Amino acid sequence: MKASNMFAPTLREVPAEAEIVSHKLMLRAGMLRKTASGVYTYLPLAWRSIRKIEEIVRQEMDAKGGQELLMPAVQPAEIWLESGRWGVYGPELWRVKDRNGRDFCLGPTHEEMISIIFRNDMRSYKQLPQLWYQIQTKYRDERRPRFGLMRSREFIMKDLYSFDLDEAGLAKSYALMYDAYSRVFTRCGLNFRPVEADSGAIGGKGSHEFMALAESGESAILYCDTCDWAATDEIAGREPLPVTAEEMLSIEKVDTPDCGTVEDVAKFLHVPTNRIVKTMYYQADDQLVIVLVRGDRRINEIKLQGLLGCNELALAENADLEVHGQKVGYLGPVGVEGVRIVADAEVPLMFNVIVGANDGERHLLNVNYQRGDFRIDQVADLRYLEEGEQCPHCQGHLKLARGIEVGQIFKLHTKYSDSLHVVYAGEDGQEHPVVMGCYGIGIGRTLAAVVEQCNDADGIIWPMAVAPYQAVIVPVNDREPELKEAAERIYAELEADGVEVVLDDRQERAGVKFKDADLIGYPVRITVGAKALARGNVEVRLRKNGEMQEIALEGLTDWLKAYIEAEIAAGSCK
RNA sequence: CGGGAUGUAGCGCAGUUUGGUAGCGCAUCUGGUUUGGGACCAGAGGGCCGCAGGUUCGAAUCCUGUCAUCCCGACCA
């Protein structure tokens, strides 16, 4: 490709809409343009990288026995009604009508589609297992698209679905995908971590997310500084640590004026917040529920919702509580009747705690569950883990990091085979539900994550495997015919040898070309200048570390091909 | 969904308070001088001032509505 003819409109200034570095750089490098909120056009450079990522994904899926197919983006409502998700999915499901008023949606995912395809043509246990995947544009009408490709409404996704005879088969498929995903993200040059995760709206039990570590990541993850355990903060949990027994003192009621929060109470009474039990009223569907948690903990609503099995969950409105004669800030579990009380697992182990008194601006001291001072209907892990806590699996301590979710793998079990009646005939001649798994990779998000991790003040630093081009040739002065000719010769030779190379033949000063080369992030820059050329050499500069060396013209192709190969094998951009 | 902000040339912005011929930088085009890290001089082109309505002799500017975009938040008792 000659730069004079390349559609890569680089920008010197950053469009005001971009907030994070990957978005800014992809706009500036002339890779990406916005068409609507959360909807983007991939310009040629981005598309080349996208295709490389897709190709890596294809190779790794195929290596595990995956078979690629392509399903429609537009899906009829019927299949979503059949699975029951038409009603559950909410406004993020991008619903459209055809000219006859029939309901469709733009597929956010393809469990229904693939299940039905399977159901229509697969019959026997002899045909299992199957691994089917597609790379397809998908749609989620996000409440808040942001950060360019990081959270967009139209996005490219690889989804693989596994169909197995039984749980053991699923475990095998899941393990294959876990391995494939690790290989994909390693090859893409990402610094990532697989973490235990919640399976969310997709459903099913058992899931890992693959997180590219980045400050700008939207997910918080906890990982152990000693063992290799890691999980999203949404599901991370642990057994409560044993508590040293204390003598149970008698309850006292004390005035605590103007103490609306745990911090206020702790300060006022000169006690640590972990001596207090927080009492939170939740509205779970149409039921009021009390949730108890240690004062220094945060309630994890995802866990709570899982426990309660409700669709809607929100803190009760202050007004609702006042109807019950309750004052926010002074709530407690003692003496409460007629409301279900659930407690985080730490709560029943605590001694002599402080709780709201349900009586004006007062709190109770020395309340003990183990003495029967209050009732708990159900105990469960309901809180977030905090940085610095002991690891659930070893003596290590937890660290908190942020990550970009680039992939997620789920065990669906029989969730969809049950609702959509996807069965096979077993050896016993009986119908059995197919045991399914699904495995997604955000292709565009992976690209954004790479840029997010691989950049410096000058621009992008592509890992070789996903770089739009592997090298750029910069003739330093195009008035001198010998430089221009040399550059053309090198270009022709490299192209002929299969190197993905750009010749920057634009009528620009060297500085402009250098700046653009750094911004676009070609891993290798070959500078053709008079002095080196007189020695029969060119200058080669590596984008990742700025190292410069002179290489003889006759050995250039071999050197470059070896370097490219080594870099692709190495993966990382660093 | 709630809150905040912003829409003026491809990009970044000024002009809006106090209504009076739409500006600056970058980018683009022409000519010249330059030429190893975003050159300089001279000239040129490019605008439904987001859209609709209203007030006014006159609206980018005031009023009303609307659309779009971005950010923050989504309840910790």
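Keep in mind it's a predicted model, so treat the numbers as computed, not measured. So you know, we letter chains A, B, ... as the sequences are listed, proteins then strands, and number each from 1.
Proximity of residues 7-21 of chain A to RNA chain B (heavy atom under 4.0 angstrom from any strand atom) is restricted to A/Arg12, A/Glu13, A/Val14, A/Pro15, A/Ala16, A/Glu17, A/Glu19.
A distance of about 38 Å separates the C1' atoms of B/G32 and B/C48, rounded to the whole Å. Annotation: B/G4 and B/C63 have their C1' atoms spaced 22 Å apart (nearest Å). The P atoms of B/U16 and B/G10 are separated by 23 Å, rounded to the nearest whole Å.
Closest to the side chain of A/Arg509, out of B/G37, B/C76, B/U35, is B/U35. Of the candidates B/G37, B/A77, B/C71, B/A77 carries the atom nearest the A/Leu315 side chain, counting heavy atoms from C-beta on. Which of B/U28, B/U69, B/A74 sits closest to the side chain of A/Arg143 comes down to B/A74.
Relative ring orientation between A/Tyr42 and A/Trp47 is described as tilted, the plane-to-plane angle lying within the 30° to 60° band. Ring geometry for A/His23 versus A/Tyr40: interplanar angle over 60°, hence perpendicular rather than tilted (30 to 60°).
A cation-pi contact links A/Arg95 to A/Trp86, judged by a cut-off of 6.0 Å to the six-membered ring centre and 45° from its axis. Under a cutoff of 6.0 Å and an axis angle of 45°, A/Arg525 and A/Phe514 form a cation-pi pair.
Within 4.0 Å (heavy atoms only), A/Lys34 reaches sugar-phosphate atoms of the nucleic acid but no base atom. Across all strands shown, A/Arg525 has heavy atoms under 4.0 Å from base atoms, whether or not it also approaches the sugar-phosphate. Residue contacts shown for A/Phe147 are limited to sugar-phosphate atoms, with no base heavy atom under 4.0 Å away. Among the protein residues, A/Arg541 comes within range of the nucleic acid bases, having at least one heavy atom under 4.0 Å from a base atom. Base contact: A/Arg28 has a heavy atom under 4.0 Å from a base atom. Residue A/Val262 is classed as a sugar-phosphate contact, given heavy-atom separations below 4.0 Å to backbone atoms only.
The shortest distance between side-chain heavy atoms of A/Val265 and A/Val271 does not fall below 4.5 Å. A/Arg48 has its side chain within reach of A/Glu500: a pair of non-hydrogen atoms, C-beta onward, lies under 4.5 Å apart. Within the 4.5 Å cutoff, the side chain of A/Val472 has no heavy atoms near those of the A/Lys513 side chain.
Heavy atoms of other residues, nucleotides or ligands lying less than 6.0 angstrom from NZ of A/Lys531 number 12 at most. Residue A/Asn5 qualifies as open at atom CG: its count of foreign heavy atoms under 6.0 Å is 12 or below.
Contact annotation: side chain of A/Glu539 to base of B/G36, donor-acceptor pair present below 3.5 Å.
B/A60: no Watson-Crick or G-U partner with both key distances under 3.5 Å is found in any strand. The partner of B/G47 is absent, by the rule that a Watson-Crick or G-U pair needs both atom distances under 3.5 Å. Under the Watson-Crick or G-U wobble criterion, with both distances below 3.5 Å, B/A74 has no partner in any strand shown. The partner of B/G10 is B/C26, by the rule that a Watson-Crick or G-U pair needs both atom distances under 3.5 Å.
As rounded to whole Å, 12 Å separates atom P of B/A74 from atom CZ of A/Arg298. A straight line from CD of A/Glu92 to P of B/C1 spans 13 Å, rounded to a whole angstrom. In this structure, A/Asp516 places its CG atom 17 Å from P of B/G36, rounding to the nearest Å. Following rounding to the nearest Å, A/Lys267 (NZ) and B/A77 (P) show an atom-to-atom distance of 14 Å. Summarising the geometry, the separation between CE on A/Met26 and P on B/C11 is reported as 18 Å, rounded to the nearest angstrom.
Side-chain nitrogen and oxygen atoms of A/Thr261 include none within less than 4.0 Å of the OP1 or OP2 phosphate oxygen of B/C76.
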Classify every nucleotide of nucleotides 2-9 of chain B by which part a protein heavy atom approaches to under 4.0 Å, writing B for the base, S for the sugar-phosphate alone and - for neither, in 5'-to-3' order.
--------
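With respect to A/Asp344 and A/Arg294, no salt bridge is recorded, no charged nitrogen being found less than 4.0 Å from a carboxylate O.
With A/Tyr282 as reference, A/Leu304 is the one residue of A/Leu304, A/Val342, A/Ile290 to meet the side chain to side chain contact (heavy atoms under 4.5 Å, CB included) rule.
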